[in-house]
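Heads up: the structure comes next, in structure tokens.
Bear in mind the structure is a predicted one, so any value in this text is a computation, not a measurement. Residue numbering restarts at 1 for every chain, and letters A, B, ... go by the order of the sequence lines.
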Amino acid sequence: MIEQEVTCIICPIGCKILVKKDNSTCEIIDGFKCKKGIEYAINEALDPHRMLTSSIIVINGKWPLVSVKSSKPVPKNKIIGVINQIKKANVKAPVTSGQKIIKNVLDLGIDIIATKSIEKL
Amino acid sequence: MININTDVTIIGAGPGGLASAVSAKLNGAKKVIVLDRNNWLGGILPQCIHDGFGVEELGKSLTGPEYADLYITEARKNKIEFLTETMVLNFNKNLEITAVNKKGLLNIKSQSIILAMGCREKTRWNIMIPGDRPSGIFTAGVAQSFNNLYNIRIGKKILILGSGDVGLIMARRLKFEGLDVLGVVEILPYGSGLPRNIVQCLDDYDIPLFLNHTVTEIIGRDRLESVKIAEVDKNFKVIEGTEKEISCDSLLLSVGLIPENELSKEAKIKIDKNTGGPIVNQFFETSIPGIFACGNCLQVYDTVDSLSKDAKTAGRFAAIKKRNKLNREIKVIPGKNISYIIPQKIDNSCKVHFTLRVKKPIEKPIIKVKSKGIKFYSKQLRFAIPANMVEFDLDIDLDEVYKNLEVSIGD
């Protein structure tokens, strides 16, 4: 078992949670303030994910970009791959917040959705 | 001149303005008008496309544009009026606002005014970085607006000075855009942004954080060519022989924010030199009766969640037409280890929501509230850092307080 310090990012407090882990199991030693922190630290130590936000080119919109997010957290090692898909994409105005712009990106079961509405020019 | 009469007028349609407007309306103000100089609502939120907004307040993590939309929808539902592309020129102690827009000059008379002008970024000139004056030096928020709203890349090789949150978030953002982010230079021995941003924006992408370092020279004739950085000692003095030159075409500054209070100062509202914002009482009323302050023009908040919470209190009390005459007023004095505390004064016996910032990271700090040496509140926290505002509530009975309330934090 190796010890790892995980900085919790669920809330702005940023607890430093000490965990012990091997390949498939993980136990919490100290440093958490809430239940969410326990869950986060275990996931972070074994299978880290990140919410991904970026923007996509809008054609014929009042603004040249629409902000987007992943519908679910993306595995950390897939982030750059997903970002490259986002860079290639574009969307025609109007765009509505919540609209799926890329469906099932890289077959991860995750959609890339608009977080802003952009009117047509 | 167009004359307008309202119950509550709010200056600024950012998160503070929106939250206080909705709250004023829900608490009985009939006519609420929000003024903003931009042609959109939400202030800075539409360019803050990252998530993390609303975690404490709503229990879910939204992006900036989504968080803004929630309040904009709520405001529209409650028939709050917006005047965008409207610039406030001045206001006075009689609660008259002079503003201008395409229709002409506006004269707005209100029962209450709420200040929600936000803050602005410190520039190279605020921190006096010596050297040449080439292009390629941006404040982090301006770079964020170019990149996230207007789709303009600011450069190719980027160095960031200051580990404030916007700087950290921009480090990741520009990395995603394929730019070469060389590192973040921070004069303090610890990161000044939120821990989650240091983890998710720097550590995740192996972007180096140079602690105890600062920029000592800017080099470049037309465009920035390089920047000299050096290590500093405990007193922030450059250690000789540690200087090195980093080749880059852009320097981002994330070196602090200044509450925007030019209008407040002109109206002779008293300003707290520690916060840079108006001195307020427990209801967020400034030194001019009927004028309230909220959002980043009151103090620079670290999360929109606590900003909105306080803005709602300001909105609620701004909606009350007849306010209790105060019997007496006590001052709240920031003591040991505290850089500032809000409210700065209390003029009513009630439950008071205090917000404060510590001067340095402290483990297991104890908040102590005393009056004339008599302790009447103490609370132990697990830790406190300057990047995280400390908040606590306390029932204050003015009859029990002698003159001043001193709040301090013990190690």
Side-chain angles (χ1 to χ4, degrees), chain A residues 5-17 30-34 36-37 40 44 48-59 61-74 76-77 79-80 82-87 90 95-98 113-119, chain B residues 39-40 42 45-53 55-56 59 61-70 72-73 146-152 165 169 172-173 175-178 191 193-201 203-205 301-306 381-385 387-390:
Chain A
E5 191 185 73
V6 174
T7 306
C8 181
I9 52 111
I10 295 285
C11 82
I13 291 171
C15 290
K16 302 240 183 256
I17 304 173
D30 194 19
F32 60 94
K33 271 188 170 175
C34 73
K36 282 183 186 168
Y40 175 79
E44 182 66 12
H49 280 63
R50 295 283 183 267
M51 275 303 288
L52 189 57
T53 60
S54 189
S55 54
I56 283 178
I57 303 258
V58 179
I59 297 163
K62 271 197 175 170
W63 291 91
L65 292 171
V66 61
S67 52
V68 294
K69 68 174 181 185
S70 55
S71 57
K72 284 188 288 194
V74 176
K76 210 171 138 185
N77 59 4
I79 284 179
I80 297 301
V82 175
I83 281 291
N84 289 334
Q85 295 300 310
I86 287 175
K87 273 191 201 161
N90 62 54
V95 185
T96 317
S97 183
I113 55 183
T115 57
K116 209 188 254 188
S117 298
I118 303 287
E119 287 172 44
Chain B
N39 65 354
W40 69 81
L45 287 169
Q47 76 182 54
C48 299
I49 63 171
H50 55 282
D51 71 320
F53 298 87
V55 175
E56 285 163 272
S61 178
L62 301 178
T63 64
E66 291 173 312
Y67 186 91
D69 275 347
L70 273 187
I72 294 167
T73 308
F146 280 166
N147 193 79
N148 295 353
L149 295 180
Y150 300 99
N151 199 23
I152 298 167
D165 288 309
I169 282 155
R172 173 178 61 184
R173 186 82 220 110
K175 189 91 179 176
F176 281 178
E177 298 292 354
L194 298 174
R196 70 168 161 183
N197 287 331
I198 291 173
V199 173
Q200 289 210 335
C201 300
D203 298 354
D204 273 7
Y205 304 99
Y301 285 84
D302 39 57
T303 67
V304 77
D305 305 61
S306 36
L381 306 173
R382 252 195 49 190
F383 73 99
I385 56 173
N388 282 143
M389 215 169 73
V390 175

Working to the nearest 0.5 angstrom, can you tell me the gap between [X] [atom1] and [Y] [atom2]?
X: A:Thr7; Y: B:Ile198; atom1: OG1; atom2: CD1; value: 9.0 Å
X: A:Leu52; Y: B:Asp51; atom1: CG; atom2: CG; value: 9.5 Å
X: A:Cys15; Y: B:Arg196; atom1: SG; atom2: CZ; value: 13.0 Å
X: A:Ser55; Y: B:Glu177; atom1: OG; atom2: CD; value: 5.5 Å

### Shortest non-hydrogen separation from B:Phe176 to A:Lys87 and the atoms involved
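In this case the closest contact between B:Phe176 and A:Lys87 is O-CE, 2.8 Å.
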#### Entry: Heavy-atom donor-acceptor pair, A:Lys116 side chain to B:Gly64 backbone, under 3.5 Å
no
#### Entry: Partners passing salt bridge (charged side-chain N to carboxylate O under 4.0 Å, His left out) against A:Lys62 (at least two apart in sequence or in another chain)
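By the salt bridge (charged side-chain N to carboxylate O under 4.0 Å, His left out) rule, A:Lys62 matches A:Glu119.
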### Message
B:Asp203: which residues meet the salt bridge (charged side-chain N to carboxylate O under 4.0 Å, His left out) condition with it, sequence neighbours left out?
### Response
none
If you count every heavy atom of other residues, nucleotides or ligands that lies below 6.0 Å from [X] atom [atom1], does the total exceed 12?
X: A:Lys36; atom1: NZ; value: no
X: A:Phe32; atom1: CZ; value: no
X: B:Phe146; atom1: CZ; value: no

### Message
Is A:Ile79 in contact with chain B via its backbone, its side chain, both, or neither, using a 4.5 Å heavy-atom distance?
### Response
side chain
### Query
Which atoms of A:Lys76 come close to chain B, meaning under 4.5 Å heavy atom to heavy atom: side chain ones, backbone ones, both, or neither?
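The side chain, not the backbone.
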### Query
Can you find a heavy atom in the side chain of B:Arg173 that is under 4.5 Å from one in the side chain of A:Ser54?
yes
### Task
Mind ranking B:Lys175, B:Gln47, B:Gln200 by heavy-atom pairs under 4.5 Å with chain A and telling me who comes out on top?
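Result: the option with the highest number of such pairs is B:Gln200.
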### Task
Please state whether the side chain, the backbone, both or neither of B:Asn148 comes within less than 4.5 Å of a heavy atom of chain A.
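When you check distances to chain A, only backbone atoms of B:Asn148 fall under 4.5 Å.
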### Query
Where on B:Asn147 is there a heavy atom nearer than 4.5 Å to chain A: the side chain, the backbone, both, or neither?
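Just its backbone gets close to chain A.
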## Note on the structure
From the list A:Thr53, A:Val66, A:Thr115, side-chain contact (heavy atoms from CB on, under 4.5 Å) partner of B:Pro65 resolves to A:Thr115
### Task
Name the orientation class of the two ring planes belonging to A:Trp63 and B:Trp40 (parallel below 30°, tilted from 30 to 60°, perpendicular beyond 60°).
perpendicular
### Message
Looking at B:Asp204 and A:Arg50, is any side-chain nitrogen of the basic one under 4.0 Å from a carboxylate oxygen of the acidic one?
### Response
yes
